[in-house]
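Computation of the quantities below employed the complete heavy-atom set of this structure, encompassing side-chain atoms and omitting hydrogens, waters and symmetry-equivalent molecules.
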There are 2 protein chains.
Amino acid sequence: MEEKVEYSIQEAILYSHKMAQMSKALWKAIEKDWQDWVKPYGLNINEHHILLIAYHLKGSSISEISKFGVMHVSTAFNFSKNLEDRGLLTFSKKENDKRNTYVELTDKGVNLLLEIMETHDVESRQIVKGSLSLKKLYGKFPEFLEMVAVIRDIYGDEYMDIFNRTIQNVKQEMVEEEK
Amino acid sequence: MEEKVEYSIQEAILYSHKMAQMSKALWKAIEKDWQDWVKPYGLNINEHHILLIAYHLKGSSISEISKFGVMHVSTAFNFSKNLEDRGLLTFSKKENDKRNTYVELTDKGVNLLLEIMETHDVESRQIVKGSLSLKKLYGKFPEFLEMVAVIRDIYGDEYMDIFNRTIQNVKQEMVEEEK
């Protein structure tokens, strides 16, 4: 945003207030379902998210995990360490990049992730159930394009690239599963 | 949703995955700014949220705070207790409703809240800055109507009523301030 956009402080406060309330409500509903889903496997959301990112990116640096998982670098590192202790991933350095630490899933990590996927009881998810009226109306699940635009602006193109890569990867796997 | 809406498990999983990633990203950006805002006053987000809800609803039950603040009843109660210890709110029972505990802000609580409002540096908020391109395009801040519809479905009409009451209240105060 180079150009100045005019707005009143009042409308900005009102907007900020609404968005805080709405995004908290949306995230808490999703967080609850996510927690309930992965808890039986002795994982918290961040740990599961790390496994997912490392899986979809086919190995990932701690800084990528931090950025895309939206968690502090120290959180990303500490939870990755827990996962390494459980034999679910390994740490490594790359020949051409000694500064970054990379994580890669072990076979045990991949198997656990796939096992968790199979228990993905998506029909019971609040976000899915709560979107069925829009699905009916639109003929497909809503796109939330305003939200995508705002997130793109806040997190940048690199974030969206990783986002799109993981989505493509999920799609690809579905195609392969159907074969 | 009485009527059955058809969808494939694949599209639901993809949708659920996208929404988890996006709503986490959106909420974490908002949470960070909110934390930075209220931390200098010795408050965390939940405590500030409790003060805001009790203020906008002109007194509120713990169960209303839990519902609208999207936090466990025990969280709502424990943080309210902290605020009572600091003299920022008082607990009471109502004559006609002995079962629920109500909280009401003290003058000290109201004053603190108003002081915090005055430091609301809304122009630096990521959610505001990240929405300026849409503001420019639409002529106003985005409405996120798909998100409102999903939240209404998940949390119900009562939640939306409280939501609208607080928004109206914020608007009202702005009008009064301008006088």
Side-chain angles (χ1 to χ4, degrees), chain A residues 1 3 5 7 9-31 34 49 68-71 120 122-123 125-136 140-144 146-155 159 163 166-167 170-171 174, chain B residues 1 3 5 7 9-31 34 49 68-71 120 122-123 125-136 140-144 146-155 159 163 166-167 170-171 174:
Chain A
M1 286 305 306
E3 203 183 334
V5 178
Y7 61 90
I9 295 298
Q10 271 89 343
E11 61 182 331
I13 289 177
L14 210 56
Y15 176 66
S16 173
H17 180 86
K18 276 167 70 170
M19 290 307 294
Q21 190 63 48
M22 287 204 298
S23 75
K24 187 181 188 188
L26 188 68
W27 167 242
K28 291 290 164 184
I30 288 173
E31 185 186 38
W34 195 348
H49 208 176
F68 190 60
V70 206
M71 50 184 112
H120 198 313
V122 77
E123 286 164 289
R125 293 293 146 84
Q126 292 187 83
I127 183 65
V128 171
K129 290 197 290 182
S131 305
L132 292 181
S133 302
L134 285 172
K135 167 77 174 80
K136 186 163 177 253
K140 60 181 185 176
F141 283 105
E143 301 272 1
F144 289 85
E146 290 172 341
M147 193 151 117
V148 174
V150 171
I151 289 171
R152 176 185 298 278
D153 200 296
I154 292 176
Y155 289 94
Y159 180 87
F163 180 72
T166 70
I167 296 292
V170 174
K171 277 190 190 158
M174 286 174 177
Chain B
M1 286 305 308
E3 204 183 331
V5 178
Y7 62 91
I9 296 297
Q10 272 88 343
E11 63 182 329
I13 288 177
L14 210 56
Y15 176 66
S16 174
H17 180 87
K18 276 167 70 170
M19 290 307 294
Q21 190 63 48
M22 288 204 297
S23 76
K24 187 182 188 189
L26 187 68
W27 167 242
K28 291 290 164 184
I30 289 173
E31 185 186 39
W34 195 346
H49 208 175
F68 190 61
V70 206
M71 50 184 112
H120 198 313
V122 78
E123 287 164 290
R125 295 291 145 85
Q126 294 187 83
I127 182 65
V128 171
K129 288 195 292 182
S131 305
L132 291 181
S133 301
L134 286 171
K135 166 77 173 77
K136 185 163 177 251
K140 61 181 184 177
F141 284 104
E143 301 271 2
F144 288 85
E146 290 173 338
M147 192 151 119
V148 174
V150 171
I151 289 171
R152 177 188 296 279
D153 200 295
I154 294 176
Y155 289 95
Y159 180 86
F163 180 72
T166 70
I167 296 292
V170 175
K171 277 190 190 157
M174 286 173 177

Tell me, with the steps shown, if F144(B) and V150(A) meet side chain to side chain contact (heavy atoms under 4.5 Å, CB included).
CA-CA 11 Å; F144(B) 288 85; V150(A) 171; 3.9 Å; yes
With chain A, which of [options] has the greatest number of heavy-atom pairs at distances under 4.5 Å?
options	answer
M147(B), Q126(B), E143(B)	M147(B)
M71(B), E11(B), K140(B)	E11(B)
R125(B), K18(B), H120(B)	K18(B)

Are E123(B) and I9(A) side-chain neighbours, meaning at least one heavy-atom pair lies under 4.5 Å?
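They are in contact (side-chain heavy atoms under 4.5 Å apart), so the answer is yes.
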Using non-hydrogen atoms only, which part of I151(B) is less than 4.5 Å away from chain A: side chain, backbone, both, or neither?
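Side chain only.
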At a heavy-atom separation under 4.5 Å, does L134(B) approach chain A through its side chain, its backbone, both, or neither?
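The answer is the side chain of L134(B).
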Donor-acceptor pair, [X] side chain versus [Y] backbone, under 3.5 Å?
X	Y	answer
K24(A)	G69(B)	yes
Q21(A)	F68(B)	yes
Y7(A)	K135(B)	no

Heavy-atom cut-off 4.5 Å, strictly under: side chain, backbone, both or neither for [X] against chain B?
X	value
W34(A)	side chain
L14(A)	both
Y155(A)	side chain

Report the option among K171(A), E31(A), H49(A) that has the most heavy-atom pairs separated by less than 4.5 Å from atoms of chain B.
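So the answer, after comparing K171(A), E31(A), H49(A), is H49(A).
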Describe, in one word, how the ring planes of F141(B) and Y15(A) are oriented to each other, choosing from parallel (under 30°), tilted (30 to 60°) and perpendicular (over 60°).
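Parallel: the ring planes of F141(B) and Y15(A) meet at under 30°.
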Side chain to side chain contact (heavy atoms under 4.5 Å, CB included) evaluation trace for K129(A) with D153(B):
CA-CA 8 Å; K129(A) 290 197 290 182; D153(B) 200 295; 5.8 Å; no
Give, for atom CG of L26(A) and atom CD1 of I154(B), the distance between the pair rounded to the nearest 0.5 Å.
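If we round to the nearest 0.5 Å, L26(A):CG and I154(B):CD1 are 6.5 Å apart.
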Determine the minimum heavy-atom distance between [X] and [Y], stating which atoms define it.
X	Y	result
V128(A)	S16(B)	CG2-CB, 4.3 Å
M19(A)	I30(B)	O-CD1, 3.6 Å
W27(A)	S23(B)	CE3-OG, 3.4 Å

Hey, mind stepping through V170(B) and Q10(A) against side chain to side chain contact (heavy atoms under 4.5 Å, CB included) and telling me if it holds?
CA-CA 9 Å; V170(B) 175; Q10(A) 271 89 343; over 6 Å; no
